[in-house]
Number of protein chains: 2
Amino acid sequence: MSQTSTDILREAGISPSSQRVAIAEFVLHTGSHPSADEVLVQARKRLPGISVATIYNTLNLFVEHGLLRTFSLSQNHTVYDACTDPHHHFIDDETGRIHDLPIDAVRVSHDNFDDFDIREVQVVLRGRTNPQNPPAKLAK
Amino acid sequence: MSQTSTDILREAGISPSSQRVAIAEFVLHTGSHPSADEVLVQARKRLPGISVATIYNTLNLFVEHGLLRTFSLSQNHTVYDACTDPHHHFIDDETGRIHDLPIDAVRVSHDNFDDFDIREVQVVLRGRTNPQNPPAKLAK
DNA sequence: ATCGGTGCAAATTATTTGCATGAAT
DNA sequence: ATTCATGCAAATAATTTGCACCGAT
């Protein structure tokens, strides 16, 4: 980690309270796409008393300051994605797990629409994760 | 309308109770992408006493039987989309309104992934709706 | 009378609001 | 002493569960 969470928060213009650092420590450095609930569990490992409301408010704050992006999946799951390089997503139908795909693995082109000014293109691929992978990858 | 809601429900293997018909009547025929709440309002116009739980349970039932698809937008909004022809979506940043795009207005190609078996490709474009349209379209 | 299907009240889960506390001037 | 930021309890909104009722056998 080249920069501490505290530094990242300061640079984003957020004052680094202990609660915020506890949350940042996990959510800005995980490759997973955690829900608010998962963030709560991890943050409590560092700061046991932290409240649910603070998790939500802090995650919203991070989103407003561009440190995170929300990603709204099927019904009951809003998920947070650390804003690193742009990428696309694959969602496993069975487990719901989200995998990042390199941006250039998916190409999109579209017509010009008179009525729409397009700012962002979001591609979600869905399907199954193959059990019979290249064996090397299965090694544990 | 070539087929009544009752017929559609029967064909899908759902017995057409009055509540279900009241919901189907709106949600299977609207071009909009209503939330559960909007469905509630419309269904109550036909059947004033219908409960919120019935709306949710019925919408879930329709989804299971392939009559609807859910579409999960930013945080607090799950929305239902009648399963007609495949299409993509444009979401207005300001209003949150969803517009359908013809399927062939967007082209996607992607690498073959060893690990993933892709069943569905979902493209969401986001941005602003242009106020300065071809004037004809603005006429009211 | 029993059983499966239906609808809804109540319970649960997710998220936001508003206020109490503390730090900075 | 006043102001503003912060965190959290409580309120609200969204969704699911489980049971009571009704119609068919």
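If you're wondering where the values come from, they're calculated on a predicted model, not measured in any experiment. Chain letters run A, B, ... following the sequence lines, proteins first, then strands; residues in each count from 1.
Phosphate contact (OP1/OP2 of D:dT16, side-chain N/O of B:Y56, threshold under 4.0 Å): absent. Residue B:S17 has no polar side-chain atom (N or O) positioned under 4.0 Å from OP1 or OP2 of C:dT6. Remark: B:N60 is not in phosphate contact with D:dT15, judged by side-chain N or O atoms under 4.0 Å from OP1 or OP2. Phosphate contact (OP1/OP2 of C:dT15, side-chain N/O of A:T78, threshold under 4.0 Å): present.
Distance CZ (A:R10) to C1' (D:dA5): 16 Å, rounded to an integer number of Å. Following rounding to the nearest Å, A:L61 (CG) and C:dT17 (C1') show an atom-to-atom distance of 16 Å. In this structure, A:Y80 atom OH and C:dA14 atom C1' are separated by 10 Å, rounded to whole Å. Rounded to a whole Å, the CD atom of A:Q19 is 16 Å from the P atom of C:dT21. Distance, B:N57 CG to D:dA14 P: 17 Å, rounded to whole Å. Note: CG (A:L47) to P (D:dT6) measures 15 Å, nearest angstrom. When rounded to the nearest whole Å, the span between CZ of A:R20 and P of C:dA23 equals 15 Å. Rounding to whole angstrom units, CD1 of residue A:I55 and P of C:dT17 are separated by 18 Å.
The side chain of A:V52 sits closest to C:dT15 out of C:dG5, C:dC8, C:dT15. Of the candidates C:dG7, D:dT6, C:dT15, the closest approach to any side-chain atom of A:A36 belongs to C:dT15. Candidate nucleotides D:dT6, D:dA9, C:dT15 were compared by shortest atom distance to the side chain of A:A53, and D:dA9 ranks first. Taking every side-chain heavy atom of B:T54 into account, C:dG7 is the closest of C:dG7, D:dC8, D:dG7. When distances run from any side-chain atom of A:S51 to the nucleotides D:dT15, D:dA9, C:dC8, the shortest one goes to D:dA9.
Nearest approach of A:A36 to A:L59, heavy atoms of both residues: CA-CD1, 4.0 Å.
At distances below 3.5 Å, at least one donor-acceptor pair connects side-chain atoms of B:R44 with backbone N or O atoms of B:I50.
A chain of hydrophobic side-chain contacts below 4.5 Å, direct or via other Ile, Leu, Val, Met, Phe, Trp or Tyr residues, connects B:V52 to B:V63.
Residue contacts for A:D37: at a heavy-atom cut-off of 4.0 Å it reaches no nucleic acid atom on any strand shown.
Ion pair B:R119/A:D93 flagged as a salt bridge, since at least one NZ, NE, NH1 or NH2 atom sits closer than 4.0 Å to an Asp/Glu carboxylate oxygen.
In this structure, the side chains of B:F113 and A:N130 stay at 4.5 Å or more apart for every pair of heavy atoms.
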